Amino acid sequence: VSTQSTWVESLGISSAGRSCKGIVVANDIEFKRCEILVTQTQRLSDLHPNFIITNADSRNLSSCYIRQQPVLFDRILCDVSCSGDGTLRKNPDLWRKWTPRSGPGAHKVQIKVLENAMSLCKEGGQIVYSTCSMNPIEDEAVLCACLKKAQGKFELCDVSSRVPNLKYHNGVNQWKVMDKLGNLLEKWDDVPKNERGSLLPSMFPPTDIETLHMERSMRFLPHLQDTGGFFVAVLRKVSDKEEVTRGLPEAQLQHVIPTSSPSQPNIKGKSVPLTDYLVPIEQSVCDELIEQFQLKEGFPFWKIHRRERSGTRKLMFASDEVSLLLDAMYRSQQWRIVTAGVRIFEKPPKCDEFHLSQEGVKLVIPYLSDHRIIPMDHSELIPISTSPTRSISLTNMENTKALEKLKALSERGGGCLVIQCEPSELAPQGLTIAAKLQQFTLSLLLEKDEAITLQYLLGVVNQDTKLELEDGEVEEEDEENDKDEGDTSTVKKQCVAQPTSDS
């Protein structure tokens, strides 16, 4: 999860999501880990327009197509499930569960995951294969099996110069495999017939292993740097000769490109209720947003998506590239999407009007009229943020320029607006806050934990108090909202946005 977050950070896109064309697709077979990933990346809301989180078995992920071309990836991190024997120091419970058969039990799945990753990698692209196991059956044996099957299309890379200060041992060329009786076997011919179902030829070192350069892989042993145990290898795709579907006429692609869009995902096994496809919004929704927010001409409606099954109560903003990929994923019907992009508009429960979402508020600012952008001093914002309802009556506000603009907006009918505050020591890039003016009441469109963060940035509470308040809010999440939306909103709490200089 932390590595996926790092990849998202490396995109380094602007607050409007326009300066980078890269995409990160993070997949995990366990939905709970997907939820953790959503939480971990919430501080990177600026980068979410270029981010997709999926929940699927990596062995079964298939390429989708954009303009009759398969979607292939420049970089793939293949962090496979393993026996975990490298984590024994931090996970002592593993001592009771681990057996010599743990490695062989994971070997076949690991090969399938890496093979599928290789099929999704473009020519010149790289794959990082990693485990937290020291067992060669899960490490070098998997690499050997996949490299030999690739028939020269992939090679192991020597990356020692990239990490000169890391201490590690090179990958090994020889190892033995233990059978059920504890006998150590050197080659496949030594395996008893009754064990040839649980043990496989690919678990043994091939006779030509020297030509595969296992020494280019890296074994990070726990005692070398006081860490856990890890195995890492970098593979590069040097040839793409067998990608026969690339560049073929459309008529010849009909057998590999889905021509229909079924309403339900065609996925084997039980479906996960909190995954869904994201599809473009209809023109009627565009018209509703224009009328409600008086959006300026040029607003990128083609980047706004809704969940296919749960309607328009939450709208997501995605980059151009992610929008194309979401459409391709929808047509393939082979991906379970947890979330993609950043939430930009939403309808709260029992409300028929859209509100600005704090997560994507910075994306809307360039398209809002000036009368909906309210500059405000910290001293004016403090009593609103500390109010139990996070609201204040205009009659209780001091007579400032902010109040003048709010009264003018009230005469126009009120509605959603954006509050902007100047930079400070705790918020060096300033503050941008979604709010709503209804009659003579100004309300911040913040969740409780977002309001706590705002109080910290305003200097009302210190870091320790902030953490205590956040811990107290964990059990008070709005479950009803998640139930209505079929979304992962309980883990999608966004800190108060801090605009960059080009906002």
Side-chain angles (χ1 to χ4, degrees), residues 1-11 23-45 47-48 50-61 73 75-88 90-91 93-94 97-98 102 105-106 109-110 112-114 116-117 120 127-133 138 227-232 265 267-278 307 316 322 325-326 329 334-343 359 449 474-475 477 479 482 485-494:
V1 170
S2 60
T3 307
Q4 293 163 334
S5 301
T6 302
W7 278 26
V8 178
E9 286 187 85
S10 68
L11 289 174
I23 299 174
V24 171
V25 179
N27 178 76
D28 202 294
I29 192 172
E30 294 184 17
F31 186 79
K32 288 185 178 180
R33 286 179 58 85
C34 291
E35 289 186 307
I36 294 173
L37 180 58
V38 173
T39 302
Q40 293 273 9
T41 57
Q42 283 312 293
R43 61 188 176 84
L44 307 172
S45 63
L47 310 180
H48 273 208
N50 291 54
F51 191 33
I52 301 175
I53 299 177
T54 62
N55 170 229
D57 189 331
S58 297
R59 294 173 293 178
N60 302 326
L61 290 178
F73 294 88
R75 299 289 186 269
I76 298 176
L77 171 61
C78 195
D79 188 18
V80 297
S81 300
C82 63
S83 63
D85 55 41
T87 67
L88 285 170
K90 72 173 185 179
N91 187 13
D93 289 342
L94 192 60
K97 302 175 184 177
W98 184 89
S102 299
V109 172
Q110 291 164 339
K112 288 185 176 180
V113 172
L114 181 54
N116 200 31
L120 296 173
I127 299 174
V128 174
Y129 175 81
S130 64
T131 74
C132 51
S133 170
E138 302 178 72
T227 65
F230 299 96
F231 177 85
V232 179
I267 300 173
K268 294 181 180 180
K270 183 178 287 188
S271 62
V272 179
L274 294 182
T275 60
D276 197 0
Y277 288 98
L278 271 70
R307 291 185 173 272
M316 312 296 290
V322 167
L325 186 53
L326 287 174
M329 288 178 169
Q334 296 298 316
W335 297 73
R336 296 174 176 175
I337 299 176
V338 177
T339 188
V342 58
R343 198 186 321 173
E359 291 181 20
D449 54 347
V474 170
E475 298 180 358
E477 301 266 345
E479 297 179 358
D482 296 320
E485 297 302 326
D487 197 357
T488 56
S489 301
T490 54
V491 295
K492 297 182 69 177
K493 305 303 183 184
Q494 175 58 40

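Remember, predicted model here, so these are calculated numbers, not experimental data.
The two residues M316 and R343 make their nearest non-hydrogen contact at CE-N, 3.5 Å.
The side chain to side chain contact (heavy atoms under 4.5 Å, CB included) test with V80 is passed by exactly one of E138, Q110, K112: Q110. Evaluated for a side chain to side chain contact (heavy atoms under 4.5 Å, CB included) with T339, the options D276, N55, T54, V38 yield exactly one hit, V38.
Rounding to the nearest 0.5 Å places CG of N27 at 11.0 Å from CZ of R33. Here the straight-line distance linking atom CZ of F31 with atom CD1 of I53 works out to 9.5 Å at 0.5 Å rounding. Interatomic distance, CG of L278 versus CD1 of I52, reported as 8.5 Å (0.5 Å rounding). Remark: W335 CH2 to Y277 OH distance equals 9.5 Å, nearest 0.5 Å. How far CG of L94 is from OG of S102: 7.5 Å, rounded to the nearest 0.5 Å.
Between I29 and S58 there is no side-chain heavy-atom pair separated by less than 4.5 Å. The side-chain heavy atoms of L37 and F51, taken from C-beta on, include a pair separated by under 4.5 Å. You'll find the side chain of R336 stays beyond 4.5 Å of the side chain of L61, heavy atoms only.
For V109, the side-chain contact (heavy atoms from CB on, under 4.5 Å) criterion is met by R59, V113, not counting sequence neighbours. Taking the side chain to side chain donor-acceptor pair (under 3.5 Å) definition, one finds that D85 meets it with S83, S133, sequence neighbours left out. Legend: residues meeting side chain to side chain donor-acceptor pair (under 3.5 Å) with N60, ordered by chain and number and at least two apart, are absent. Partners of F73 under the side-chain contact (heavy atoms from CB on, under 4.5 Å) rule, at least two apart in sequence or in another chain, are V25, V71, I76, L120. Residues satisfying the side chain to side chain donor-acceptor pair (under 3.5 Å) criterion with T87, sequence neighbours excluded, are absent altogether.
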Take D28 and V338 through the side-chain contact (heavy atoms from CB on, under 4.5 Å) test and state the conclusion after the steps.
CA-CA 10 Å; D28 202 294; V338 177; over 6 Å; no
